[in-house]
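Notes to accompany the following structure.
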Amino acid sequence: MPEPEHHQEGHRLMRALARRSVDRTPVWLMRQAGRYLPEYRATRARAGSFLALCTTPELACEVALQPLRRFRLDAAILFSDILTIPHAMGLGLHFADGEGPRFERPLRSASEITRLSPPDPEEELRYVMDAVRLLRAELGGRVPLIGFAGSPWTLATYMVEGGSSLHFARAKGLLYEEPRAAHRLLAVLADSVRSYLRAQVEAGAEALLIFDTWGTVLAPHEYRTFSLAYLERIVRGLKAEVDTPVILFGRGGGQWLHELAATGCDGLGIDWTVDLGSARREVGDQVALQGNLDPCVLYASPATIREHVRRLLEAYGPGPGHVFNLGHGLQPGMDPERVAAAVDAVHELSPRFHE
Ligand code: 1CP
């Protein structure tokens with residue numbers, strides 16, 4: 001576990017998101033809890049399933065803490081999944097082994113959409129709030145806790161498709177053919193995400209992350225109308241209610257940096273297809289940037305990993321506002337030793353960018 005930080009007021013992650021000076025670049029990793037860790041696999045086996053792991057606060061808390069025991073990370077992230085909201089709406093989530101998520105009752109008609117209502121975070125999603133409360137207490141202020149949710153459009157793709165998708169035929173078909181039903185679905189999801197994230201803050205989350213994993217499968221007009229507009233609605237709503245930094249992760253969102261920064265968020269999570277230096281020049285005076293090492297760099301040797309970490313720190317350049325992360329999540333086949341090499345490299349190489 002990292003030591004408490006006495007030398008600066010506030011944690012590095014919080015300072016970096018506010019673009020205030022830090023002694024070194026903060027680092028955490030998307031999917032830092034997960035199958036690449038043997039201790040995660042053991043706890044998951046004890047839980048019996050991924051969903052049982054998510055719905056048992058003690059076990060969710062345990063797996064969220066595991067990566068912090070191994071690596072010198074500057075944040076913990078709630079262990080849960082973005083699909084808890086549709087599950088709470090009654091769609092019947094399950095995870096078949098070796099496959100992605102599946103819904104027993106995907107949305108198949110506009111009338112099913114009309115019947116949806118936002119879940120109560122302290123009722124149907126109480127297990128998530130309990131996990132947040134427990135984790136915050138266990139962390140004891142050592143590092144901040146990040147809460148998260150999926151973007152309305154990303155959630156809608158799973159709810160309409162019934163699971164993961166390649167072409168998003170049904171979800172995109174809905175947008176083009178039944179835009180009013182699509183907007184109704186996205187509006188109920190935006191309300192749900194907003195109240196879910198607000199409840200996470202009340203339960204102890206100190207920063208928030210919204211994953212827009214599938215935004216950029218949309219054409220520009222549809223992206224603005226059906227994804228960005230709802231992200232903006234959520235950010236504005238949250239900003240009126242809580243004083244908590246919000247990070248938006250837009251997978252493939254490189255061409256939308258200006259629009260995403262203009263939502264009023266504090267940080268943008270970017271994937272590895274974006275040049276970090278150009279991104280900083282474009283929007284770095286408005287938002288912090290989180291990212292964006294290609295996760296597959298972690299399949300290389302420690303020396304190569306270190307070189308890529310150095311390159312990324314140089315691409316961002318001196319000064320605050322960078323949260324080191326991967327461009328997407330850690331993968332099950334990755335070696336924890338190489339993950340450690342990346343984290344250690346950030347610790348060793350980043351201070352000189354903050355002198
Ligand atoms: O077998 C297992 O143990 C389950 C694998 C797994 C894990 C560890 C899934 C299934 N979800 C998670 C946890 C998870 N999911 C976290 C917390 C862990 C952490 O970061 O430390 C988070 C933040 C998520 C978010 C998530 N779930 C996203 C958005 C981020 C992203 O990866 O783009 C998405 C799209 C999901 C859906 C989902 N859940 C699980 C899988 C395999 C997927 C992706 C399916 C697909 O590609 O469509």
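Indexing begins at 1, ligand by ligand and atom by atom, following the structure's order. Counting begins at 1 with the first residue of the sequence.
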Quick one, Y196 and V128 - any side-chain contact, counting heavy atoms below 4.5 Å? yes
For [atom], the protein heavy atom that lies nearest, with its residue and separation:
| atom | value |
| --- | --- |
| atom 10 (C) of ligand 1 | F95 CE2, 3.3 Å |
| atom 5 (C) of ligand 1 | R35 NH2, 3.9 Å |
| atom 29 (C) of ligand 1 | T213 OG1, 3.4 Å |
| atom 31 (C) of ligand 1 | H328 NE2, 3.2 Å |
| atom 7 (C) of ligand 1 | F50 CE1, 3.5 Å |
| atom 22 (C) of ligand 1 | F148 CZ, 3.6 Å |
| atom 43 (C) of ligand 1 | R31 NH2, 3.9 Å |

Numbered atoms and elements of ligand 1 in range of [X], under 4.0 angstrom, heavy atoms:
| X | value |
| --- | --- |
| I77 | 19 (C), 20 (O), 21 (O) |
| P101 | 45 (C) |
| R44 | 1 (O), 2 (C), 3 (O) |
| I82 | 25 (C), 26 (C), 27 (N), 28 (C), 34 (C), 35 (C), 36 (C) |

Report the member of [options] with the shortest heavy-atom distance to [atom].
| atom | options | value |
| --- | --- | --- |
| atom 45 (C) of ligand 1 | G100, A60, S164 | S164 |
| atom 35 (C) of ligand 1 | W214, F211, Y158 | Y158 |
| atom 13 (C) of ligand 1 | S80, P67, G34 | S80 |

Examine Y230 together with W153 and report whether their ring centres are nearer than 6.0 Å. no
Tell me whether ligand 1 is touched by R41 - counting only heavy atoms on the residue side and a distance under 4.0 Å. no
Member of R12, H347, H354 meeting the side chain to side chain donor-acceptor pair (under 3.5 Å) criterion with T25: H354
Describe, in one word, how the ring planes of F249 and F211 are oriented to each other, choosing from parallel (under 30°), tilted (30 to 60°) and perpendicular (over 60°). perpendicular
Please verify the inter-ring angle class for F95 with F50; under 30° counts as parallel, over 60° as perpendicular, anything in between as tilted. perpendicular
For the 3.5 Å polar cut-off, considering only N or O atoms, please tell me whether [X] and ligand 1 meet it.
| X | value |
| --- | --- |
| A33 | yes |
| T154 | no |
| D81 | yes |

Residue R170 excluded, over 12 heavy atoms near CZ under 6.0 Å: no
More than 12 heavy atoms of other residues, nucleotides or ligands under 6.0 Å from CZ of R41: yes or no? yes
Residues [X] and [Y] bridged, charged N to O under 4.0 Å:
| X | Y | result |
| --- | --- | --- |
| R108 | E112 | no |
| R194 | E241 | yes |
| R136 | E206 | yes |
| R352 | E314 | yes |
| R69 | E62 | yes |

Considering only heavy atoms, does [X] approach ligand 1 within less than 4.0 Å through its side chain, its backbone, both, or neither?
| X | value |
| --- | --- |
| R251 | neither |
| A64 | neither |
| Y40 | side chain |

Test E122 against R198 for salt bridge (Lys or Arg N to Asp or Glu O under 4.0 Å), laying out the working first. CA-CA 11 Å; E122 286 291 353; R198 186 198 158 142; over 6 Å; no
